[in-house]
Trainee: 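Below: one structure in structure tokens.
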Amino acid sequence: MTLIIIVPLLLALYLSLIDLDQYTLRRWLDAPFLGLKNFGEAFGSGLPHAIWISVSFAVLATVATVPFGIAAALATQNAYRGRGLVRAVFLVPYVLPSFVVATVWRTMLQPDGIVNTVLAKAGIDGGLWLSGPKSYWTLILVEIWAAWPFIYLMALAGLQSVDSEVYEASAIDGADWWPKLVRVVLPYLRGPVLLACLLATLNHINNFTLPYVLFGAPAPDDVTVMPMIVYVTSFQSLRFGLSAAMAIVSLLIVAVPLFVYLRALRLDVHDEGGRR
Amino acid sequence: MSRRTRHAAVALVLVAGLAGCGGDDGGGGDGKTLDVLIGANTQYPREFKAWQQSIAAQFKAQTGASVTFEEFASANDELTKIQTSVVSGTGPDVYAVGTTLTPTAYSTGAFVKLDDETWGKVGGKDKFVPATLGISGPDEQNQVGVPFVSRPFVMVYNTELLQAAGISKPATSWDELRDHAKKLTKDGQYGLAVAYKDNYDPWKFVWGMSAQAGNPLVDGRTAKLRDPIVKQAYDTYFGWLTTDKVVDPAAIGWTNSQAIAAFAEGKTGYMALTSTTSAKALDSGATKGKWKFALLPTVPPGATARPAGGVEAASILSGDNLLVADYSDDQDLAFQFVKLVTDQPAQLDFYQAAGNLPANAAALRTLQSDPMLAPVAQAAQKSVATPFTGAWADIQLALTNVVVQSIPDLAQGGAVPVDARLADAQKAAQSALDRAK
């Protein structure tokens, strides 16, 4: 743990306090100590915009994937012919590597790509998906496509834990499908789906591959998420101290849902999951 | 915190992480191994591997030492390798570094500066094409890069379409190129293929046009991106699509390889920025036997001749330099390797294997007799170095960003408002220059 977590963390913290760039890299122990100046510069540059884009994108993507995930879990809960195949197909977006997903979508969303060609046949001008304001919604759309099976998996796991007696009892009580869903099934899913939401939000915020492959670097302003700005600052501008400060801020932002997650986990130990 | 305390604290933290991360610090000659970092060749991987094996065998015969080639996939991979090697003081002995990355590598101070003695070890400066030495260092006294290969940028044109349009020879000025492109644009045919979405192409146009008009974008420690010359360069570049309408509107989504592919369909007059590495793609499309390379225009937009102060920049100085790491214990061996691969036979072998032009002057002369290659060889000789400053990576990024953020306006047509974006680019460029040490 010391080598894998604490040492890199302390190093990142140290780097964020010094003027480390290509000129000082070689003698980095002698790099001028800046204190919090890198943090000041980070907040004075594009970081607040990147935070806003990252957080809003992550929350929207998570919120949008929940109905898809739950619906898919419900659709594959009961046994029927071909259920195994349906379950396998549902997992395809999740098991594909991120760069493959991004490359395929990038190809489809070209100005003269298949998406715009199909839309044009329906009399709709698709416009630009990979540049300008619409690129933000493209990022969310592709992220939803790639990430909803995670919610599905967690919801399905939650459904598996519902005792068959509960269904039988509600059937004896004459409950219709809607009250059964809302009052019996969904309460069981609350715990696992909430945890899935927290984990998914963290994943969305940290996703670098998808925006990088979809839009390239430099990316349009509308999709300059936190991992992108850290990458460009570090590997294109070569300002390692400044990018370390940005990474520390990112870490703190990610730590908020992480804290909530850990707290929820602790609560679950005492509450036996969905039986609340 | 005192420096000593800081050193001690950080050294303590690092000691566990860096323990065991050793390098190969062998000497020269028998039983030694030289580690060479070189860019992967995705177009001709088998031929490239065969060249490496041949060079390794020759080097073994000459020195008794082995060579290990380590390949990197992209400039970013290489930069990461340089960073880790610079920090740890171990890693490859020789680096093949792209020309635009050479100023960054130089600014780390981790490579051997070349004096008369070291130049002598690799065969002397005279054996190289003079232009290729233009980005070896900031000045003649501070050079680190030995020219290895040249990849000058040129245009490619469709001979059949130009002939049909009554155009007898390719354009030599940007205005003439626009006029030719207008003549060529008709009936599902376009005059020009441009990769607006490429992350590397756009700044090369802007720098080239500006340098030809007398503004190389950097004057000492001052960025000059808000100069009207630069704005005119952007206006010309965007204007091909928005006002001249000589480019396929889909080009706003094209990378360089997509623009080449579009040109190879045989319905475009010119492809404005390519190199010899595109020959394979051109020969496998509808353009087979119908294309030729030509020099990029060297007269700036709005002019019929280069103004005073303008330079005949036919291309950025593009290719690879070889740099020897100053932490290497095998520097003599490294320079013997550099000599071997920059001598005429190895340079011509490398051209055959990978399609990169020789930086060796005698080797390049042997290729000029090939009429297909003559314009490329000429471009190699007329290439001009981009400003040698550690800030160039940021300036390049700022220039590209103007295009990236302008694409939605490009799609709308009409004039593209670049003033505010140029102001941002100027600020970023000047800030990078101010930080340069």
Side-chain angles (χ1 to χ4, degrees), chain A residues 2-4 6-11 13-15 17-33 35 41 45 106-107 109-113 116 125 127-135 215-222 224 231-240 242, chain B residues 1 3 6-7 9-11 13-17 75-76 79-80 82-83 86-87 89 103-110 196-199 248-255 258 262 326-327 390-391 393-394 396-398 400-401 403-412 428 431-432 435-437:
Chain A
T2 304
L3 194 64
I4 294 170
I6 297 177
V7 170
L9 203 59
L10 288 175
L11 257 181
L13 192 61
Y14 175 69
L15 298 185
L17 303 174
I18 60 174
D19 183 12
L20 187 65
D21 55 19
Q22 74 263 43
Y23 308 104
T24 54
L25 187 61
R26 193 177 182 206
R27 294 181 180 82
W28 64 286
L29 290 172
D30 292 324
F33 188 76
E41 186 174 348
S45 60
R106 184 185 168 118
T107 306
L109 294 170
Q110 291 287 312
D112 56 348
N116 276 1
D125 177 15
L128 292 175
W129 297 95
L130 301 172
S131 300
K134 210 193 282 182
S135 58
F215 307 108
D221 285 342
D222 308 86
T224 307
Y231 169 81
V232 169
T233 306
S234 196
F235 296 106
Q236 294 195 335
S237 291
L238 309 167
R239 299 197 64 194
F240 309 108
L242 179 60
Chain B
M1 197 188 290
R3 179 182 293 180
R6 212 158 17 116
H7 285 196
V10 174
V13 167
L14 270 182
V15 72
N76 285 332
L79 199 55
T80 305
I82 291 175
Q83 287 159 15
V86 164
V87 171
T104 302
Y106 174 86
S107 64
T108 64
Y196 286 107
K197 183 76 174 170
D198 196 89
N199 283 330
D248 185 341
I252 51 174
W254 288 351
T255 58
Q258 286 173 296
D326 73 348
Y327 55 71
D394 267 329
Q396 195 177 301
L397 189 66
T400 305
N401 199 40
V403 177
V404 170
Q405 307 308 336
S406 297
I407 284 183
D409 296 316
L410 262 178
Q412 298 293 322
S431 165
R435 284 195 312 273
K437 297 168 181 117

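Lettering of chains follows the sequences in order, A, B, ..., and the numbering in each one begins at 1. Only this structure's heavy atoms are used, side chains among them; waters, hydrogens and symmetry mates stay out.
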Trainee: In terms of heavy-atom pairs under 4.5 Å, which option from Ser135(A), Gly127(A), Pro220(A) contacts chain B the most?
Mentor: Pro220(A)
Trainee: Does any heavy atom of chain B fall under 4.5 Å from the side chain of Asp21(A), the backbone, both, or neither of them?
Mentor: side chain
Trainee: Below 4.5 Å from any heavy atom of chain A, which atoms of Leu79(B) appear? Answer side chain, backbone, both or neither.
Mentor: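 Contact with chain A: side chain only.
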Trainee: Looking only at heavy atoms, which two atoms of Ala393(B) and Thr104(B) are closest? And how far apart?
Mentor: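 Of all heavy-atom pairs spanning Ala393(B) and Thr104(B), the closest is CB-OG1, 4.3 Å.
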Trainee: Only pairs of heavy atoms separated by less than 4.5 Å count here; which of Pro218(A), Gly113(A), Ser45(A), Ser131(A) has the most with chain B?
Mentor: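 Maximum pair count with chain B is reached by Pro218(A).
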Trainee: Tell me, do Phe33(A) and Leu17(A) make a side-chain contact under 4.5 Å, heavy atoms counted?
Mentor: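 Yes - at least one pair of side-chain heavy atoms lies under 4.5 Å apart.
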Trainee: What is the minimum heavy-atom distance between Gln258(B) and Thr255(B), and which atoms define it?
Mentor: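 Heavy atoms of Gln258(B) and Thr255(B) come nearest at OE1-N, 2.8 Å.
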Trainee: Can you name the closest pair of heavy atoms from Gly109(B) and Asp326(B) and give their distance?
Mentor: O-OD2, 3.7 Å
Trainee: Chain A heavy atoms under 4.5 Å from Ser406(B): which part of the residue, side chain, backbone, both or neither?
Mentor: neither
Trainee: Could you tell me which of Ala217(A), Gly216(A), Gly132(A) has the largest number of non-hydrogen atom pairs under 4.5 Å with chain B?
Mentor: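 Most heavy-atom pairs under 4.5 Å with chain B: Ala217(A).
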Trainee: Considering all heavy atoms of both residues, which atom of Ala391(B) and which atom of Tyr23(A) are nearest to each other, and what is their separation?
Mentor: N-OH, 3.5 Å
Trainee: Checking Thr24(A) against Lys437(B): is there a side-chain donor and acceptor pair closer than 3.5 Å?
Mentor: no
Trainee: With a 4.5 angstrom heavy-atom cut-off, which part of Leu25(A) approaches chain B: side chain, backbone, both or neither?
Mentor: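 Answer is both: backbone and side chain atoms of Leu25(A) are under 4.5 Å from chain B.
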Trainee: With chain B, which of Arg106(A), Lys134(A), Gln110(A) has the greatest number of heavy-atom pairs at distances under 4.5 Å?
Mentor: Gln110(A)
Trainee: Between Arg239(A), Arg27(A), Gln236(A), which shows the greatest number of heavy-atom pairs under 4.5 Å with chain B?
Mentor: Arg239(A)
Trainee: Contact part of Phe215(A) toward chain B, heavy-atom cut-off under 4.5 Å: side chain, backbone, both or neither?
Mentor: backbone
Trainee: Could you report the tightest heavy-atom contact between Leu397(B) and Ser237(A), atom names first, then the distance?
Mentor: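 Taking Leu397(B) first and Ser237(A) second, the nearest heavy atoms are CD2-OG, 3.9 Å.
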Trainee: Which atom pair, heavy atoms only, marks the closest approach of Lys197(B) to Ile407(B)?
Mentor: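 Heavy atoms only, the tightest pair is CD-CD1, 4.0 Å.
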Trainee: Would you mind checking which part of Leu130(A) comes under 4.5 Å of any heavy atom in chain B, side chain (CB onward), backbone (N, CA, C, O), both or neither?
Mentor: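 Contact with chain B is through both the backbone and side chain of Leu130(A).
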Trainee: Which of the residues Val232(A), Asp112(A), Asp221(A) is involved in the greatest number of heavy-atom pairs with chain B at under 4.5 angstrom?
Mentor: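 Counting heavy-atom pairs under 4.5 Å, the top option is Asp221(A).
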Trainee: What part of Gln396(B) gets within 4.5 angstrom of chain A, counting heavy atoms only: side chain, backbone, both, or neither?
Mentor: neither
Trainee: Report which part of Ala436(B) has an atom under 4.5 Å of a heavy atom belonging to chain A: side chain, backbone, both, or neither.
Mentor: both
Trainee: So does Gly390(B) get a backbone contact from the side chain of Gln22(A), meaning a donor-acceptor N/O pair under 3.5 Å?
Mentor: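 Answer holds: yes.
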